[in-house]
Amino acid sequence: MSEGFAFPYGMCPYCNGRLEVLGDRDLEDEAALAAIRTAFEIELGGQAFYLRASQESQDPMLKELFGRFAEMETEHMDTLAKRYHAQVTAPSKDFSLDRAAIYAGLENKPNDPSSLFRIAIAFEERAVAYFSERSEQAGADSVEHQLYKELAAEEREHVALLTTEFARWQAGKPGLL
């Protein structure tokens, strides 16, 4: 999902499917509301991670990169808020990279930039798996199916971006973002 960008010939760059405008969504259903709440919780967690990683990284390139990812999460939450008529709270200022590393199943080495990359990639991969599984469980015509499907696509995009940036960083090349 890359809302706000024009794609050549109206085609999705990932699946080559035709992009289409979706109509209004019925948000009265409890399952849809729960899906929206869960989506915001996960997005806020990502934003909090990227903000903290940007603040704590010793590497200037990573400070900038993770700052951009935090901005991307903010833009995505703004889009979701408009689309689903929801109010977004601010991310936690108490977010801990050590706790994030535990949830990602990785050791946190704050002075090791590659640790931050691996944690970020692991978090995004977990989000892809979660949203994909939820999308498959929801009814094909439901609001939550569409929401989870969109979120899984967005998180896949983040995995790809982070993986590319990490590979370029390891090779001593400048990032693409």
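In this chain, numbering begins with 1 at the start of the sequence shown.
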Just by modelled atom types, is the Ala160 backbone N or O under 3.5 Å from a matching donor or acceptor in the Thr164 side chain?
yes

CZ (Phe66) and CE (Met61) are apart, to the nearest 0.5 Å, by 8.0 Å

Can you name the residues that form a side chain to side chain donor-acceptor pair (under 3.5 Å) with Glu144, not counting sequence neighbours?
none

Partner of Tyr130 under side chain to side chain donor-acceptor pair (under 3.5 Å), picked from Arg134, Glu133, Arg126, is Arg134

N/O donor-acceptor pair under 3.5 Å between Thr74 side chain and Ala70 backbone:
yes

For Tyr148 and Glu136: C-alpha separation, side-chain torsions, deciding distance, then whether side-chain contact (heavy atoms from CB on, under 4.5 Å) applies.
CA-CA 9 Å; Tyr148 287 137; Glu136 291 171 9; over 6 Å; no

Quick one: closest heavy-atom pair of Gly46 and Glu73, and the distance?
C-CG, 4.3 Å

Which pair of heavy atoms, one from Ala152 and one from Ser132, lies closest together, and at what distance?
CB-OG, 3.6 Å

Measure up the Phe117 and Trp169 rings against each other and bin them: parallel (under 30°), tilted (30 to 60°), perpendicular (over 60°).
tilted

Write down the atom of Met77, the atom of Phe40, and the distance for their closest heavy-atom approach.
O-CE2, 3.7 Å

Look up atom NE2 in His76 and atom OG1 in Thr79, then write down how far apart they are to the nearest 0.5 Å.
6.5 Å

Taking Glu155 for its side chain and Glu125 for its backbone only, find out whether a donor-acceptor pair lies under 3.5 Å.
no

Does anything in residues 31-48 pair up under salt bridge (Lys or Arg N to Asp or Glu O under 4.0 Å), and if so which pairs, sequence neighbours excluded?
Glu30-Arg37

Out of the candidates Ile119, Leu161, Leu162, only one should pair with Glu124 under the side chain to side chain contact (heavy atoms under 4.5 Å, CB included) rule; please name it.
Leu162

Lys63 side chain to Ser57 main-chain N or O, any donor-acceptor pair under 3.5 Å?
yes

Considering all heavy atoms, the nearest Ala138-Ser142 contact
CB-OG, 3.6 Å

Any chance you could measure Glu71, atom CD, to Leu51, atom CG, to the nearest 0.5 Å?
9.0 Å

Could you measure the distance from the CE atom of Met72 to the CD atom of Glu157? Nearest 0.5 Å is fine.
6.0 Å

Smallest heavy-atom separation, Leu151 atom then Ala39 atom, equals CD1-CB, 3.3 Å

At their closest point, which heavy atom of Pro174 faces which heavy atom of Arg168, and how far apart are they?
O-NE, 2.7 Å

Please round to the nearest 0.5 Å and tell me the distance separating atom CD of Gln146 and atom CG of Asp141.
10.0 Å

CG/Leu65 to OH/Tyr50 distance, rounded to the nearest 0.5 angstrom?
8.5 Å

